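Notes follow once the structure below has been shown.
Any value given below was found using the heavy atoms of this structure, including those in side chains, with hydrogens, waters and symmetry copies removed. Order of listing sets the numbers, starting from 1, for every ligand and every atom in it. Keep in mind that what you see is a predicted model, and the values were worked out from it rather than measured.
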Amino acid sequence: MNIRLFKPSLGEEELQAIKEAFDRSWVGLGPKVNEFEQEWAKFTGSEVAIALNSATAALHLALACFGFPEGKKVLVPSLTFSATASAILYNRLIPVFVDSDPVTLGISTEDLDRKYDKDCVAVMPVHYAGHPVQMELLMPWAQERGLKVIEDCAHTAGANYKAKMLGTWGDIGCYSFEEKKLMTTGDGGMMVTNDPELFKDVKAMRWVGIDKDNWKTAQEYTHANRDALHWFYELNVLGYKYNMNDLAASIGLVQFKKLPHFNQRRSEIIRLYLNRLKNIKGIEPLLPFEPENYPYQMFGIRTDNRDGLMIYLKNKGIATGCHYTPLSLQPLFKPWGNNCPYIEKEANRFITLPLHADLSNEEVEYIVDTLIHWNK
Ligand SMILES: *Cc1c(COP(=O)(O)O)cnc(C)c1O
């Protein structure tokens, strides 16, 4: 047995889509990126979606959209991937780490109240593992304080929470198509908003400062607009090289069609895990999983002998992980950390178990049987 923790589900259709990009000889920022953006905007019910080379880039630009003065503070959960908090430092802002809700592991509303002060300008809820943060409570809380809300949706895609897509509750939502996520483009990300004015500079910011479709320019070069100054562009904002390219978008458009099937399969696997884990002493599910309501990017458990069990599972050919070491304990973030007592301790009990759309029922049975055996 050799069971992977995460695995992208890729097939012939993706290969074919890449081949078509080759045949067009357009593999950079081009029409497929636009098409993917339009699909994603429709899918999430957003006015605008902009595709990037990662969610890390999306989070960086999302904060940059607001032009906050240097040194202002941003509230961020300690239990997240590095990128959520790195985006704050990229923008020369100060991360304020917030503890987790013990049940949902989302950003704690009590700790938010404790950590908030008038230098705070934004809050970045993370739908950890795909479990929704209680946005119906967070949004009014943030609005009363004039805080902008950026949702880190790296672990979710297409989740309807109280009749509204996750990623559209806040001002901006950021999705990831990194290879471990719900669907992949190799690397990639998307940012969405329902306030187009907010994104007026994002196309330039993601592409070296130029807000122009160069594939259209190339098309028009030889025929249309003979007198147009096609070589002219203006640099008005500081841009990065953060664009998605047509190769990634080609894969993304195929994966997007498969996403409902992937999400359904992940939910089935979680249901199987939950049923079989019910009666194992000393092991509890990581979260109050609701696989019939939301897609999840991760499945996991909590247990006291975390390290012992992880090594045991490794010897049985089962890959596991810990998501995450709380950022408030990481050397990089320590100057602002050591202030989330619940999650800094509790995360030592977390084990992430294999979850991906190609995982078979037999593999899940084997994992659960191995857990039962260890427990005896
Ligand atoms: C993966 C991840 C990111 C970053 O995504 P990339 O596309 O790899 O840059 C951000 N936040 C969370 C919570 C993640 O899991």
Side-chain angles (χ1 to χ4, degrees), residues 5-8 33 36-37 40 49-64 74-91 95 97-98 100-101 104-107 122-133 149-157 159 166-167 170 172-192 206 240-245 247-249 251-252 255-256 259 266 286-287 294-300 321-328 330 332-333 340 343 347 350 352 355-356:
L5 184 57
F6 302 114
K7 184 174 113 21
V33 173
F36 189 25
E37 288 171 342
W40 201 261
I50 296 184
L52 304 131
N53 60 12
S54 66
T56 304
L59 291 161
H60 178 177
L61 297 189
L63 274 172
V74 178
L75 297 150
V76 64
S78 175
L79 185 69
T80 183
F81 183 62
S82 68
T84 327
S86 297
I88 300 168
L89 297 185
Y90 296 160
N91 282 281
F97 289 109
V98 181
S100 300
D101 179 276
T104 65
L105 299 177
I107 197 163
V123 55
M124 302 175 83
V126 177
H127 304 295
Y128 174 78
H131 200 78
V133 169
V149 179
I150 296 166
E151 295 178 72
D152 182 334
C153 296
H155 299 172
T156 185
L166 293 183
I172 299 174
C174 299
Y175 300 85
S176 174
F177 309 123
E178 193 262 349
E179 74 162 4
K180 295 186 277 303
K181 305 301 162 72
L182 292 166
M183 56 167 271
T184 191
T185 58
D187 275 305
M190 195 75 84
M191 56 200 287
V192 302
R206 70 141 178 212
Y240 301 84
K241 189 68 170 75
Y242 275 177
N243 60 285
M244 183 177 279
N245 66 46
L247 280 182
I251 301 172
Q255 289 266 301
F256 174 65
L259 181 65
R266 284 166 175 275
L286 180 67
L287 292 171
Y294 315 112
Y296 288 92
Q297 187 260 340
M298 294 197 284
F299 180 78
C322 172
H323 297 90
Y324 300 91
T325 299
L327 295 185
S328 53
Q330 292 285 6
L332 173 66
F333 293 114
C340 299
I343 200 63
F350 295 174
T352 310
L355 178 66
H356 53 82

Taking the six-membered ring for Trp, are Tyr128 and Phe81 ring centroids under 6.0 Å apart? no

Taking the ring of Tyr90 and the ring of His60, is the distance between their centroids below 6.0 Å? yes

Partners passing ring pair (Phe, Tyr, Trp, His ring centres under 6.0 Å) against Phe256 (at least two apart in sequence or in another chain): Trp40, Phe43

Just to verify, what does His323 make a side chain to side chain donor-acceptor pair (under 3.5 Å) with, not counting sequence neighbours? Thr352

Under a 3.5 Å threshold, I'd like every N/O contact between ligand 1 and protein atoms, with atom names and distance.
| from | atom 1 | to | atom 2 | distance (Å) |
| --- | --- | --- | --- | --- |
| ligand 1 | 5 (O) | Ser176 | OG | 3.3 |
| ligand 1 | 7 (O) | Ala55 | N | 2.8 |
| ligand 1 | 7 (O) | Ser176 | OG | 2.7 |
| ligand 1 | 9 (O) | Ala55 | N | 3.3 |
| ligand 1 | 9 (O) | Thr56 | N | 2.8 |
| ligand 1 | 9 (O) | Thr56 | OG1 | 2.5 |
| ligand 1 | 11 (N) | Asp152 | OD1 | 3.4 |
| ligand 1 | 11 (N) | Asp152 | OD2 | 2.7 |
| ligand 1 | 15 (O) | His155 | NE2 | 2.7 |
| ligand 1 | 15 (O) | Lys181 | NZ | 3.1 |
| ligand 1 | 15 (O) | Tyr324 | OH | 3.1 |

Qualifying residues under side chain to side chain contact (heavy atoms under 4.5 Å, CB included), relative to Ala159, sequence neighbours excluded: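 With sequence neighbours excluded, Ala159 shows a side chain to side chain contact (heavy atoms under 4.5 Å, CB included) to Thr156, Leu166, Tyr294, Pro295, given in chain and number order.
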
Nearest 0.5 Å, what's the CG-CE distance between Asn53 and Met244?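 Between Asn53 CG and Met244 CE, I get 8.5 Å after rounding to 0.5 Å.
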
